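Data first, discussion second: the structure below is written as structure tokens.
Since the structure is predicted, the reported quantities are computational estimates derived from the model, not experimental observations. We use all heavy atoms of the structure for the numbers below, so side chains are in, but hydrogens, waters and symmetry mates are not.
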Amino acid sequence: MKVKRIVANIAVADVAAARRFYGEMLGLRVKMDHGWIVTYGNDEAMSVQVSVASEGGSGTAVPDLSIEVDDLEEALRRMQEAGIAIAYGPAEEPWGVRRFYVRDPFGRLVNILVHL
């Protein structure tokens, strides 16, 4: 037996509220929509990963999600233009990433990063 995929599930009262943040701000598209659950994604090939952490690095809280992007400055610009508060960063970290934290519409701490 091998694990083929890991999906983050976020409990929310209104699944449509995710469309602006995950769809418009981060550019993900709806892959599945049953009304009560909406899955956002793209067609990038990814390896299966799950992380466990006692802290988020650099003294930060452990983020609920980490999202790697190809253009961190564009992601940062979109968040700032939308009035989404930056909770941490942007910062270049000693382990080879540049990142910032924001909260999604449901209060989840999201680590948005690019590998250097």
>> Can you pull out every ring pair (Phe, Tyr, Trp, His ring centres under 6.0 Å) where at least one residue sits in residues 48-86? Sequence neighbours excluded, please.
In response: none

>> Which heavy atom of G56 sits nearest to which heavy atom of P63, and what is that distance?
In response: CA-CD, 4.1 Å

>> Between M32 and I37, is there a side-chain heavy-atom distance shorter than 4.5 Å?
In response: yes

> Any side-chain heavy-atom pair from V30 and T39 closer than 4.5 angstrom?
Replying inline: no

> Taking atom CD of E73 and atom CZ of R78, what is their separation to the nearest 0.5 Å?
Replying inline: 13.0 Å

> In the hydrophobic cluster built from side-chain contacts under 4.5 Å, what are the other members alongside L109?
Replying inline: Y88, Y101

>> For the CZ atom of R19 and the CE atom of M25, what is their distance to the nearest 0.5 Å?
In response: 15.0 Å

>> I need the minimum non-hydrogen distance between A8 and L65, along with the two atoms involved.
In response: CB-CD2, 3.5 Å

> In terms of hydrophobic clusters joined by side-chain contacts under 4.5 Å, are V69 and V97 together?
Replying inline: no

>> For a side chain to side chain contact (heavy atoms under 4.5 Å, CB included) check, start with the C-alpha distance between T60 and E93, then their side-chain angles and the critical distance, and finish with the verdict.
In response: CA-CA 12 Å; T60 65; E93 304 290 7; 5.6 Å; no

> Donor-acceptor pair, R98 side chain versus V114 backbone, under 3.5 Å?
Replying inline: no

> Among the clusters formed by ILVMFWY side chains lying less than 4.5 Å apart, do V50 and V3 turn up in the same one?
Replying inline: yes

>> Is there a path of hydrophobic side-chain contacts, each under 4.5 Å between heavy atoms of I/L/V/M/F/W/Y residues, joining L113 to L76?
In response: no

>> Once salt bridge (Lys or Arg N to Asp or Glu O under 4.0 Å) is applied, what residue pairs with a partner in residues 48-71 remain, sequence neighbours excluded?
In response: none

>> Applying side-chain hydrogen bond (donor to acceptor under 3.5 Å, both in side chains), can you list everything that pairs with E81, at least two apart in sequence or on another chain?
In response: R77

> Can you check side chain to side chain contact (heavy atoms under 4.5 Å, CB included) on I67 and N111, steps first, answer last?
Replying inline: CA-CA 6 Å; I67 299 176; N111 174 31; over 6 Å; no

>> A side-chain contact here means heavy atoms from C-beta on lying under 4.5 Å apart; do D43 and K31 qualify?
In response: yes

> Who else is in M46's hydrophobic cluster (ILVMFWY, side-chain heavy atoms under 4.5 Å, direct or via others)?
Replying inline: none

> Going by the ring pair (Phe, Tyr, Trp, His ring centres under 6.0 Å) test, which pairs reach into residues 9-48, not counting sequence neighbours?
Replying inline: none

> Are any non-hydrogen side-chain atoms of L26 and I112 less than 4.5 angstrom apart?
Replying inline: yes

>> Quick check: closest heavy atoms across I84 and R103, and the distance to 0.1 Å?
In response: CG2-O, 4.1 Å

> Under a single-linkage definition using a 4.5 Å side-chain heavy-atom cutoff for Ile, Leu, Val, Met, Phe, Trp and Tyr, are V62 and I10 assigned to the same hydrophobic cluster?
Replying inline: no

> What is the minimum heavy-atom distance between R99 and S58, and which atoms define it?
Replying inline: NH2-CB, 4.2 Å

